[in-house]
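Ligands are counted one by one from 1 in listed order, and the atoms in each one are counted from 1 as well.
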Amino acid sequence: MQTTLQALQADIAKLPVDAIVNAANSSLMGGGGVDGAIHRAGGPAILEDCRRIVAKQGGCKTGEAVITTAGRLPAKFVIHTVGPVWNGGHKQEAEKLANCYRNSLQLAVENGCRSVAFPCISTGVYGYPIAEAAKVAVASVKAFLEENEGMESVVMVCFDGENYEAIQAVLNA
Ligand code: APR
């Protein structure tokens with residue numbers, strides 16, 4: 001089955017998909033940007049799950065992912081991943097960013113998810129250049145989908161026009 005891969009300009013917290021991905025930080029204790037929007041809209045159940053994960057494994061490393069309830073959100077799960085902070089491009093940022101997408105999709109598959117929505121990880125506070133991030137994001141998702149069956153839909157959710165244009169440009173290239 002062919003998976004649909006598309007860009008959408010929207011608030012990720014509103015999407016009724018199986019899993020939305022959160023661009024978190026390694027503490028998993030919330031923050032601003034998309035992280036703040038997801039915790040605000042989803043309510044305290046998400047943070048409660050995050051605390052349980054922290055107690056068990058002590059946070060989440062860059063490039064890795066963990067899964068929690070989605071609380072009051074229309075999604076079933078939130079997958080929290082930690083993107084790299086942009087540091088000029090010579091600190092394995094691309095590899096770490098690609099790992100975020102791959103590990104999030106892997107966790108989604110393991111939890112029976114067939115539709116997943118991603119934000120543009122690292123392109124806000126973490127300062128990853130938007131066009132570069134779009135290339136890494138789309139390449140990583142496509143590589144995963146080529147090797148894994150069963151995912152129906154992957155949505156790249158862009159909050160702003162610049163990210164939307166960048167993702168569209170890569171998808172249409
Ligand atoms: N829906 C979709 N995308 C959103 C939303 C939203 N509601 N809100 C913000 N975004 C977009 C931003 O426009 C940006 O393109 O998410 C992208 C990622 O930006 P950040 O949320 O700043 O994430 P990131 O750059 O990965 O930085 C992570 O920010 O507050 C935190 O706790 C988080 O410390 C971590 C850091």
Side-chain angles (χ1 to χ4, degrees), residues 5-44 46-51 53-54 58-68 70-75 77-89 91-105 107-108 115-138 140-141 153-171:
L5 173 59
Q6 59 182 342
L8 183 70
Q9 201 170 350
D11 175 357
I12 200 167
K14 299 209 161 99
L15 299 185
V17 289
D18 289 340
I20 62 166
V21 176
N22 181 20
N25 59 63
S26 54
S27 79
L28 297 177
M29 289 298 105
V34 69
D35 197 3
I38 288 172
H39 280 281
R40 264 195 311 279
I46 299 177
L47 196 59
E48 280 165 28
D49 266 8
C50 286
R51 285 192 204 284
I53 291 166
V54 170
C60 182
K61 293 196 185 107
T62 304
E64 294 183 0
V66 299
I67 191 164
T68 68
R72 297 192 292 256
L73 298 176
F77 299 102
V78 176
I79 293 172
H80 307 258
T81 188
V82 182
V85 176
W86 178 256
N87 225 310
K91 303 268 184 192
Q92 293 167 318
E93 292 95 328
E95 190 185 323
K96 289 174 185 164
L97 186 60
N99 287 346
C100 288
Y101 287 91
R102 196 188 60 242
N103 288 329
S104 296
L105 284 167
L107 205 46
S115 55
V116 177
F118 281 99
C120 298
I121 300 163
S122 285
T123 66
V125 177
Y126 281 0
Y128 209 114
I130 285 172
E132 294 304 313
K135 281 186 211 156
V136 173
V138 171
S140 181
V141 170
S153 152
V154 176
V155 187
M156 311 298 282
V157 183
C158 309
F159 206 50
D160 56 280
E162 197 183 348
N163 270 293
Y164 181 75
E165 298 300 328
I167 296 281
Q168 282 289 31
V170 181
L171 287 176

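Formation of a donor-acceptor pair under 3.5 Å by the Tyr101 side chain with backbone atoms of Ile121 is found in this model. In this structure, Lys91 contributes its side chain and Pro84 its backbone to no donor-acceptor pair below 3.5 Å. Looking at Asn25, its side chain does come within 3.5 Å of a backbone N or O of Gly30 through a donor-acceptor pair.
Take Ala65 and apply the side-chain contact (heavy atoms from CB on, under 4.5 Å) test, not counting sequence neighbours, and it matches Ile79, Thr81, Asn103, Ser104, Leu107.
Each of the atoms 30 (O), 32 (O) of ligand 1 lies under 4.0 Å from some heavy atom of Gly31. Numbered from 1 in the order shown, with element, the atoms of ligand 1 that lie under 4.0 Å from a heavy atom of Gly32 read 30 (O), 31 (C). The ligand atoms of ligand 1 that sit less than 4.0 angstrom from a heavy atom of Ala37 are 7 (N). The distance from ligand 1 to the heavy atoms of Asp35 drops below 4.0 Å at these ligand atoms: 32 (O), 33 (C). Shown in contact with Asp160 at under 4.0 Å from a heavy atom are these atoms of ligand 1, numbered in order with element: 13 (O), 15 (O). Atoms of ligand 1 lying under 4.0 Å from any heavy atom of Ala23, numbered from 1 in the order shown and given with element: 23 (O), 26 (O), 28 (C), 33 (C). For ligand 1, the atoms closer than 4.0 angstrom to any heavy atom of Asp11 are 1 (N), 6 (C), 7 (N).
Using a 4.0 Å cutoff on heavy atoms, Ala13 does not count as a contact of ligand 1.
Between Lys135 and Glu132 a salt bridge is recorded (basic side-chain N to carboxylate O distance below 4.0 Å).
Between Ala117 and Leu15, the shortest heavy-atom distance links the atoms CB-CD1, 3.9 Å. Across all non-hydrogen atoms, the minimal contact from Ala23 to Asp35 is O-CB, 3.8 Å.
For atom 9 (C) of ligand 1, the candidate residues are Asn22, Val34, Val157; the nearest heavy-atom contact is made by Val34. Closest heavy-atom approach to atom 34 (O) of ligand 1 within the set Leu97, Asn25, Leu8: this belongs to Asn25. Proximity annotation for atom 26 (O) of ligand 1: of Ser122, Ala166, Gly83, Ser122 comes nearest, heavy atoms only. Looking at Tyr128, Tyr164, Phe159 and measuring to atom 10 (N) of ligand 1, the nearest heavy atom belongs to Phe159.
Every pair passing side chain to side chain donor-acceptor pair (under 3.5 Å) that includes a residue from residues 6-21 is listed here, sequence neighbours excluded: Asp18-Lys76.
Protein heavy atom in closest approach to atom 25 (O) of ligand 1: Gly124 N, 2.8 Å. Protein heavy atom at the shortest distance from atom 1 (N) of ligand 1 is Ile12 N, 3.0 Å. Atom 22 (O) of ligand 1 has its closest protein heavy atom at Val125 N, 2.8 Å. In this structure, atom 18 (C) of ligand 1 lies nearest to the protein heavy atom Cys120 O, 3.3 Å. Summary of contacts: the protein heavy atom closest to atom 15 (O) of ligand 1 is Thr123 OG1, 2.6 Å.
The closest side-chain donor-acceptor pair between Tyr164 and Gln168 falls under 3.5 angstrom.
Arg102 contributes atom CZ, which lies 8.5 Å from atom CD of Glu95 (distance to the nearest 0.5 angstrom).
Using a 4.5 Å heavy-atom cutoff, the side chains of Asn22 and Ile46 are not in contact.
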